[in-house]
Amino acid sequence: MDEKKLTPKSENYSDWYNQLVQRAELADYAPVRGCMVVRPYGWSLWENIQAALDSRFKATGHKNAAFPLFIPMSFLEKEKEHVEGFSPELAVVTIGGGSELEEPLIVRPTSETIIGYMYSKWIQSYRDLPVLINQWGNVVRWEMRTRLFLRTLEFYWQEGHTAHATAEEAEEETLRMLDIYTDFAVNEAAVPVIPGRKSESEKFAGAVRSYTIEGMMGDTKALQAGTSHNLGQNFAKAFEIQYLDQNNTLQHCWTTSWGLSTRFIGAIIMTHGDDQGLILPPRLAPTQVVIVPIFRKEEEQQAVMAAVDKVKAQLSEFRVEIDDRMEVTPGFKFNEWELKGVPLRLEIGPKDVAKNSVALARRDIPGRDGKSFVPQDGIAETVGNMLDTIQADMLAKATQFRDEHIFEPKDYDEFKEIVKNDGWCYVWWKPNAANEAQIKEDTKATLRCIPMDQPGGKGKCIFSGEEATEKAYFARAY
RNA sequence: CGGGGUGUAGCGCAGUCGGCCAGCGCGCCGCGUUUGGGACGCGGAGGUCGGCGGUUCAAGUCCGCCCACCCCGACCA
């Protein structure tokens, strides 16, 4: 096996993913099982994700804050479903400063409880509402099986927590944030996601309703890429988050929470990557354009580098890197930047100096087909247009792939076949937790979501045959 | 926690029946020639053979215990 090449996706998707993450220098394994180190290239991608989300949060009135990593154990126990959901995966601190603690502290698996506690202190009146706070941070969940980015013991994310005066407002907020996630995924990451509602058995521990954006990965498995929860009054009652309304009546608040994590990097990798490596959407790519100078002799070098500097100067609005390393050949650089998924490569050599041109190579279209030669004059506009085209084409390609792998089986036997080999099933569904569990046992597929966009009308439930009014997606998932 | 596997240079691996100085490829360092799709030559650096104990004149190699990691299952953003 050629050590220079990645394991092809078709041969072993899991190996392909693991090798890609490490060789593209996104992340590496930490000395603790299940933990990862996010390397500068991976973190830079995360920073661009953060910036895209953060501006959307701010634009809808949210403010950032920071809550502690440690939470008293007793806090978690105040909400019944919440504690049942998270207890098995808690990291617990029992010793501090060399002596046993009076009350164990948990390392936050999520912050509903400690934020709820604070909200109960901060909120007195309807005039204090709504409270719209987001936090960027890390959380710990002691998972059994881990994968880089997709499931690690510690991960980075944002968690928004809001409190409202009415159930309607809370639901509006929950859906507003789901829309923001959808907009971000589609328009920034070129990841076509399906927004929808989680079933009772798949919803967040402690939520009234959970919403999700579901993406299809390159192996057709589903990935939950972001979630938004309407918590009803569950946490408000557990933590006594109360306010006096206009009629001087004490009311419990209605709260929400919503999160998107470094897992999304896994979604980008598995939505767009190919056998050459990563393909990053231009809007999020740490480096949008790499310039590779090509020359043999010293006099060529001078002319080429002068042209490179001139071109680079015109591209100040983009994230551009010049790869002027002397110790590796251009061919090596091409492969390396393709591995790292840089959307656009500019080659400038003696021929380009002579013709006042540059060679453009699109990462999303490998080989000759993606290569073109353009004038150096007006290069900023050319590059800008090309990056927009790449962004749009990546979304179109991923959307097409997804749609080609969604099927509408006519009966449960066909459903089983599709879910095993081909992709997702889009079917009429009459809600029933036992039936859902049975499907999972039969096929390993779970109910990914009941999409917001419903066809209307009614049909026969794929499993029970009963009359159903909604359609749902089922798939194997990460 | 159950099943399977692997620990030898930074990475990937070989090491026969226990035997002298532990080896190969890639990478790394130096010099020179190269450079439009993963360059080549020459020289060099780099090892508690996962750990502890045992058998033996002699252990990377045989035995026992322990540890770590990976893959497959039960839990999950």
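Each chain gets a letter, A, B and so on, in the order the sequences are listed, and its residues count up from 1.
Across all strands, A:Leu150 comes closer than 4.0 Å to base atoms (heavy-atom distances). Contact annotation for A:Lys371: base contact, defined as any heavy-atom pair under 4.0 Å involving a base atom. A:Gly259 comes within contact range of no nucleotide atom at all, as no heavy-atom separation falls under 4.0 Å. Residue-level contact check: A:Tyr478 touches neither bases nor backbone, having no heavy atom under 4.0 Å from any strand. Using a 4.0 Å heavy-atom distance criterion, A:Lys333 is classed as making no nucleic acid contact. Heavy atoms of A:Ser87 sit nowhere under 4.0 angstrom from any nucleic acid atom. Residue-level contact check: A:Arg345 touches the bases, meaning some heavy atom is under 4.0 Å from a base atom. Counting any heavy atom pair closer than 4.0 Å across all strands shown, A:Ala225 reaches no nucleic acid atom.
When the nearest nucleotides of RNA chain B are assigned to A:Arg141 and A:Val353 by heavy-atom distance, the more 5′-ward of the two goes with A:Val353. Residues A:Ser261 and A:Glu338 each lie close to RNA chain B; by heavy-atom proximity, the contact nearer the 5' end of the strand is made by A:Glu338.
Side chain of A:Lys312 to backbone of A:Ile322: no donor-acceptor contact under 3.5 angstrom is found. Put simply, the side chain of A:Asp352 gets close to the backbone of A:Gly349: a donor and an acceptor are under 3.5 Å apart.
For the OP1/OP2 pair of B:rG38 and a distance below 4.0 Å, the side-chain nitrogens and oxygens of A:Thr329 include no atom meeting the criterion.
To the nearest whole angstrom, the two C1' atoms, one in B:rC49 and one in B:rA68, are 16 Å apart. Distance noted for atom C1' between B:rC62 and B:rC17: 12 Å (whole Å). Taking atom P in both B:rU16 and B:rC63, one finds a spacing of 14 Å when rounded to whole Å.
Salt-bridge check for A:Glu173 with A:Arg176: passed, with a basic side-chain N closer than 4.0 Å to an acidic carboxylate O.
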Paired and unpaired positions of RNA chain B as dot-bracket, Watson-Crick or G-U wobble under 3.5 Å, | denoting a partner strand: (((((((..((((.....[...)))).((((((.....)))))).....(((((..]....))))))))))))....
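A donor and an acceptor atom, one from each side chain of A:His161 and A:Ser257, are nowhere located under 3.5 Å apart. Under the 3.5 Å distance criterion, with hydrogens and angles disregarded, a donor-acceptor pair is assigned to the side chains of A:Thr446 and A:Arg448.
A:Thr256 pairs in a side-chain contact (heavy atoms from CB on, under 4.5 Å) with only one of the listed residues (A:Thr174, A:Val208, A:Leu132, A:Leu175), which is A:Thr174.
Rounded to whole angstrom, the span from the CG atom of A:Leu148 across to the C1' atom of B:rC69 amounts to 13 Å. Protein atom CD of A:Gln301 is 16 Å distant from nucleotide atom C1' of B:rG36, rounded to whole Å. As a whole-Å value, the separation of A:Met326 CE from B:rG30 C1' is 17 Å. Nucleotide B:rG38 holds its P atom 17 Å from the CG atom of A:Leu6, rounded to whole Å.
A parallel orientation is assigned to the rings of A:His229 and A:Phe204, their planes being inclined by less than 30° (bins at 30° and 60°).
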